[in-house]
Amino acid sequence: MPELLITEADGATRVIPLDAAPLLMGRDPNCEIPFPTDPELSRRHLIIEPDAGHWWVRDLGSTNGTRLNGALLSAKHLLKFGDTIGASKISILFRDRQTQTPALSRTVVFDAGKFESISSGTISVHLHEVLESQEVRPKGFTPGATKQWASPLQALIRVGRELAQRRPLDELFPVILDLALESVNAERGVLMVLENDDLTLGASRGGEFRISTAVRDKVLTERASLLVESIADAPALKERKSIIIQGVRSLMCVPLQTDERVIGLLYVDALNYLRRFTNDDLSLLTVMANVAAMRIERERLAEIEQMQRLQQAELDQAAEIQIRHLPSHAPVWPELEIAARHLPCRTVGGDYHDYLQLADGRYLVLCGDVAGKGLPAALMMMNVHARVQALAESCTSVADFMVRLNRGMNPTCPPNRFVTLFACAFHPSTGALTYTNAGHNPALLIRAGGAIESLRTGGMFVALIPGLTYEEATVTMQPGDTLILYSDGITEEENSAGEEFGSDRLAEIASHRRTWPAHQLADSIFDELSTFSEARQPTDDRTLVILRRR
């Protein structure tokens, strides 16, 4: 929603939201924006009015004219956010209320206008020049005159002491600004820091500030410290309505820079005619800003480290909770030899496996994988676990189980998330294995004689599309047959040449070592995978479940 930020001659500000009604400004008390005591305004000076979905400004034949961004307004003009309207000593900023950063929009306005470059009357210096020339001293310094060093030296000593204390950033910014104002005897100031390439307000003293974009850009991009000793002596500034309205007489703007980069800026000004900043003030403020910037960066790093520690603690707790949702050991089922291995690529993961005994005496074994990694996948995995526990007691078949699992998860699953799942029910007396595969890696059935079968029957991923149905199939496991369930973190692991481990390599290893005990076979597969990937950190969660009929 558009609005007007009006800055009056005495520096007072107010905001007027714009709706569908035009606004007149002038000396006439009946105007929507009246200034009856301002002799430089005409009775009906200008109008800001809506037309065709946009806002326009028009001068109403005033005696002293209306300016738009510093230029005389001669015709009806379409307003754009950021435009500044000037009449007499009054400045009106046209802006979008919804896009303003609340604290910054009330405190700092970057004024473009026609002042597009740094002009005469402005002194520019860089940090390395200050440090090399040792100019952080008062005028008239002579070697041996120790007392003349007292003021800047004491200021820097105090800065060092104050900034040595640990403070959170929201407390550190005001301390830095107050030290700067006191050290150079400035009346007002603002400290701003870069967050994701945007300037945000750190601290301010003294109301609203209108800062030239040319000053801002030179400070941030060229790392230049700028001084205007007297606005009256700077031709490009003394005509600026915004400067006149604020009553600024002298100003400085310096970068908050570390050895590596600029992290913000520090701006101070003086309204008193008798106060002019000097080269020595600029040098002192430049060095102070450098010290402050390094302290800010250290505090930022400390806060990041603290946040990382808290996040790691939370992840460790999440991992502990997740571990409790996965089997701590394989069940003891006389008819089956079972082994499993699970290795998340992060603290928590989205792989899932489980064992349950059904009401009819069959053994239900599952192996799944939630799309994604980390905490979101882990949370969804625990959701799968909870639903599996609830459904397993009432489902009559693995296909029915998968249909109901998909139906239950679909409404609460984000659009970009889904679950692949292989579910099989083993009959302990007959060896019949009934299974369905919901988009998961096909299980490998290694026959006692070495033949390999791939179990693919099923349907699509769970939680992706509502109303899905699933097919099931039955195979018979003979004594000595081995079933390999696995996640794609095993078969899709790559070596340095970009070659995948692959299901064929997994099947070959399992077939050649089919007579090994299940736990030794599981260990050997993980060892082979580690050798293949050159012992690099896994890029995805790895889960392996081995069932062998005794």
Side-chain angles (χ1 to χ4, degrees), residues 82 101 103-113 115-119 122-131 159 163 169-170 172-184 186-229 231 234 237 240 242-243 246 248 250-270 277 279 281-300:
T101 302
L104 181 58
S105 66
R106 292 195 301 268
T107 307
V108 180
V109 175
F110 289 109
D111 195 356
F115 181 49
E116 297 173 352
S117 63
I118 303 301
S119 64
T122 302
I123 298 171
S124 174
V125 69
H126 292 81
L127 176 64
H128 68 88
E129 296 171 339
V130 174
L131 297 178
V159 168
L163 299 188
L169 288 174
D170 59 349
L172 180 61
F173 293 147
V175 169
I176 292 172
L177 181 57
D178 289 341
L179 287 169
L181 293 173
E182 182 179 337
S183 298
V184 298
E187 297 176 52
R188 311 190 314 154
V190 62
L191 183 152
M192 305 176 71
V193 291
L194 285 168
E195 298 285 354
N196 299 321
D197 296 327
D198 291 325
L199 278 174
T200 61
L201 183 66
S204 68
R205 297 285 186 268
E208 184 180 276
F209 296 83
R210 300 185 70 86
I211 303 173
S212 163
T213 54
V215 169
R216 175 199 65 189
D217 295 342
K218 190 171 183 67
V219 168
L220 294 180
T221 60
E222 300 181 25
R223 302 188 177 194
S225 296
L226 302 178
L227 160 64
V228 180
E229 290 182 298
I231 298 297
L237 288 177
R240 302 293 298 160
S242 59
I243 296 292
Q246 294 180 102
V248 176
S250 184
L251 63 86
M252 291 188 292
C253 191
V254 302
L256 289 167
Q257 68 176 98
T258 64
D259 294 336
E260 299 175 352
R261 64 191 184 101
V262 173
I263 64 169
L265 62 82
L266 183 60
Y267 170 93
V268 299
D269 61 28
F277 297 124
N279 288 354
D281 293 324
L282 184 65
S283 297
L284 177 58
L285 192 64
T286 299
V287 175
M288 289 182 62
N290 174 236
V291 174
M294 291 189 289
R295 186 67 190 89
I296 291 170
E297 282 295 86
R298 286 197 297 271
E299 190 58 43
R300 277 178 168 173

Rounded to the nearest 0.5 Å, how far does [atom2] of [Y] lie from [atom1] of [X]?
X: Met252; Y: Thr286; atom1: CE; atom2: OG1; result: 8.0 Å
X: Leu169; Y: Glu299; atom1: CG; atom2: CD; result: 5.5 Å
X: Leu220; Y: Met192; atom1: CG; atom2: CE; result: 9.0 Å
X: Ile176; Y: Leu266; atom1: CD1; atom2: CG; result: 8.5 Å
X: Asn290; Y: Arg295; atom1: CG; atom2: CZ; result: 14.0 Å
X: Leu256; Y: Arg223; atom1: CG; atom2: CZ; result: 12.0 Å

(request) Determine yes or no for a side-chain-to-main-chain donor-acceptor pair under 3.5 angstrom, with Ser204 supplying the side chain and Leu191 the backbone. (result) no
What are the two closest non-hydrogen atoms of [X] and [Y], and how far apart are they?
X: Ser183; Y: Leu284; value: O-CD2, 3.9 Å
X: Ser124; Y: Lys218; value: OG-CE, 3.8 Å
X: Cys253; Y: Val215; value: CB-CG1, 3.7 Å
X: Ser225; Y: Pro255; value: OG-CD, 3.4 Å
X: Val219; Y: Val254; value: CG1-C, 3.6 Å

(message) Working note: Val190 + Ile211, criterion side chain to side chain contact (heavy atoms under 4.5 Å, CB included); need CA distance, chi angles, decisive distance, verdict.
(response) CA-CA 10 Å; Val190 62; Ile211 303 173; 4.1 Å; yes
(message) The criterion is side chain to side chain contact (heavy atoms under 4.5 Å, CB included); which residues satisfy it with Glu297, sequence neighbours excluded?
(response) Thr258, Arg261, Ile263, Arg300
(message) Which residues pass the side chain to side chain contact (heavy atoms under 4.5 Å, CB included) test with Ala186, not counting sequence neighbours?
(response) Leu181, Val184, Val268, Phe277
(request) Please test Ile296 against Phe173 for side chain to side chain contact (heavy atoms under 4.5 Å, CB included), starting from the C-alpha separation and ending with a verdict. (result) CA-CA 8 Å; Ile296 291 170; Phe173 293 147; 3.8 Å; yes
(request) Just jot down the salt bridge (Lys or Arg N to Asp or Glu O under 4.0 Å) partners of Asp178, sequence neighbours excluded, or say none. (result) Arg205
(request) Please lay out, stage by stage, how Asp198 and Glu195 fare under the test side chain to side chain contact (heavy atoms under 4.5 Å, CB included). (result) CA-CA 5 Å; Asp198 291 325; Glu195 298 285 354; 5.7 Å; no
